[in-house]
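All values below come from the heavy atoms of this structure, side chains included, with hydrogens, waters and symmetry mates left out. The sequence lines fix the lettering, A, B, ..., with proteins before strands; numbering per chain opens at 1.
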2 protein chains.
Amino acid sequence: MTTAPRIALTRLAGLLADGTRAAFCLALLDGRAWTAGELARHAGVAPSTASEHLSRLVAGGVLAEEHQGRHRYVRLADVAVAQLIEDMAAHDPPADPPPTTLRATGSRRALTFARTCYDHMAGRLGVAVADALTRRRLLERDAGIAFTEAGVAWLADLLGEPPATTGRRPLARLCLDWTERRPHLAGAAGAALCRHALNEGWVTRIGSGRALGIGPTGGEAFSRVLDIDVVALKLSMETPMTSSSGRADTA
Amino acid sequence: MTTAPRIALTRLAGLLADGTRAAFCLALLDGRAWTAGELARHAGVAPSTASEHLSRLVAGGVLAEEHQGRHRYVRLADVAVAQLIEDMAAHDPPADPPPTTLRATGSRRALTFARTCYDHMAGRLGVAVADALTRRRLLERDAGIAFTEAGVAWLADLLGEPPATTGRRPLARLCLDWTERRPHLAGAAGAALCRHALNEGWVTRIGSGRALGIGPTGGEAFSRVLDIDVVALKLSMETPMTSSSGRADTA
DNA sequence: GCCACGTTGCGGCGAGCGCCGAACTATCGC
DNA sequence: GCGATAGTTCGGCGCTCGCCGCAACGTGGC
């Protein structure tokens, strides 16, 4: 019987096929844990409804939960799941575009400039980082993507330790940026870099969402370490980029 | 609105959430084009039902179709979709195992030894190839996986031309083998290697499925090129491998 | 101890969807 | 041309599943 993988596939797909559950997962792509109530409000459903959905997602191995007092915190189960959700959300239906007439305005502006994408940096800043690494030949994009020897050394020097290569998570991975339509750096190195940038105050979280802003040490650090002029980058937001469509959001 | 990626995710997930459509996609993982009727019989549904499902999968960008006379041939839309389906089907639900008491017997034996997985080789043979490449330092598995310089040269020599690195498909990629529970080689190199092995008669297709057998030139070629003793490999099928569970099938 | 709040379980309603059979169209072989 | 075969379209049936409101439970603050 060829039914064993079929049930595995339909089980996972079925969990993500519902709008409410999908909204939960996309929200959790910010890499942090949310409470059941927060997710219910975020998706606009009753708490009881959210509770049932969460139970199913946990049982299906998509989410991991943790109880703290009267709160139920959930987060994505692991990076593999996060990657899967990213990949699926990035899959384009074939052409004949349903006229999506959205434009990146208002609060979306912050997300377009910089945000977290599960555990690494995305948005114009994330793309700029990936570009800077490539320009300096620390990152090589030939077939796939990989750090050069110089790149691994640079990373070790920056973080104060060689990047952890435990597990099967690739050091470098490309993640297509939805707002920029260009790839930014994901993988273990992308996560380490993002963690470092948050710890060192290069970037700070804006509010409770996924948006990032430049932190107190960011201007100097990005210039010194990667030769990125964040002021110019921010100004470049005023003049829309080439062929940037109205499509925005998660990345 | 955070709804744009949500509909993208639910649309794709919804397509894969149905058992019949999932069976279609898993069958198409062999990388070849099937007719609508073949898929209908394979999944055990009426032709009319299959027709509707196929139309939806095509409209959703999961499958590509091609009409030839009175036949409608469909195949997976691209490697990204194939990879996604592999990844999703490989996702394990958390523990507490539903007592799956399957054993690799009968016709499944052939699949366990060697088969195609979308466009590359899987099964014990596929794993042996990946191991041989690693042993000879042509392939490096450190963080992620990559060909060494010697490996690229070896590949170019074997194929008579440098491996095509066009497009964004990585040269080397790991694909978890479901029967062996160990990774085999996928990516552009895995596909090129499989194509070469079929062309040169190292392996041949068994029947109309995904199963592969050793071809007339296979014994000599695998020994010469990769130092793999296929006879010993086939004999090793008699003694079950360490901790090989009953789970079998697609990979 | 008491109340507020976050969360869970249950009953019931309504919509969506997968299934089939029957009728119809298109292609192939003779 | 004619029958056989592959595929599509349509109507209708039945089941699943997402939703809510209400009641109940546990935790934390006073």
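- Counting non-hydrogen atoms under 4.0 angstrom, A/Arg41 reaches nothing in the nucleic acid.
- When each of C/dG18, C/dA4, D/dC20 is scored by its nearest atom to the side-chain atoms of A/Glu52, the top-ranked nucleotide is D/dC20.
- Atom P of nucleotide C/dT7 and atom CD of A/Glu65 are separated by 12 Å, given to the nearest angstrom.
- Summarising the geometry, the separation between CZ on A/Arg21 and C1' on D/dT16 is reported as 12 Å, rounded to the nearest angstrom.
- Straight-line distance from the CG atom of A/Leu39 to the P atom of D/dC19: 13 Å, rounded to whole Å.
- For A/Glu65 and A/Arg75, the salt-bridge test fails: no basic side-chain N is under 4.0 Å from an acidic carboxylate O.
- Taking atom CG of residue B/Leu54 and atom P of nucleotide D/dT9, one finds them 12 Å apart after rounding to whole Å.
- Which of C/dC17, D/dC17, C/dC10 sits closest to the side chain of B/Arg56 comes down to C/dC17.
- In terms of position along DNA chain D, the nucleotide closest to A/Gly19 lies nearer the 5' end than the nucleotide closest to the other residue of the pair A/Arg70 and A/Gly19.
- As judged by a 4.0 angstrom heavy-atom cut-off over every strand, A/Ser55 is placed among residues making no nucleic acid contact.
- Side-chain N/O atoms of A/His53 include one lying less than 4.0 angstrom from OP1 or OP2 on D/dC19.
- Rounded to an integer number of Å, the gap from B/His67 NE2 to D/dT8 P is 6 Å.
- Not a single donor-acceptor pair, N or O on each side, falls under 3.5 Å between the base of D/dG7 and the side chain of B/Thr35.
- At distances below 3.5 Å, not a single donor-acceptor pair connects side-chain atoms of B/Thr35 with backbone N or O atoms of B/His71.
- Judged by atom type and distance alone, B/Ser48 does not reach the base of D/dG7 through any side-chain donor-acceptor pair under 3.5 Å.
- Within the structure, a side-chain polar atom (N or O) of A/Thr49 is placed less than 4.0 Å from OP1 or OP2 of D/dC20.
- Between B/Asp18 atom CG and D/dC17 atom P there is a gap of 11 Å when expressed in whole angstrom units.
- A side-chain N or O of B/Ser55 and one of B/Arg72 form a donor-acceptor pair less than 3.5 Å apart.
- The CD atom of B/Glu66 sits 19 Å away from the P atom of D/dA6 (whole-angstrom rounding).
- No side-chain donor-acceptor contact under 3.5 Å links A/Glu52 to the backbone of A/Thr49.
- At the phosphate of D/dC19, OP1 or OP2 sits under 4.0 Å from a side-chain N or O atom of A/Thr20.
- When each of D/dC20, C/dT7, C/dC19 is scored by its nearest atom to the side-chain atoms of A/Pro47, the top-ranked nucleotide is C/dT7.
- Side-chain contact between B/Leu212 and B/Thr204: absent, with no pair of heavy atoms (C-beta onward) separated by less than 4.5 Å.
- Rounded to an integer number of Å, the gap from A/Phe24 CZ to D/dC19 C1' is 12 Å.
- For C/dG6, neither phosphate oxygen OP1 nor OP2 lies less than 4.0 angstrom from any side-chain nitrogen or oxygen of A/Arg72.
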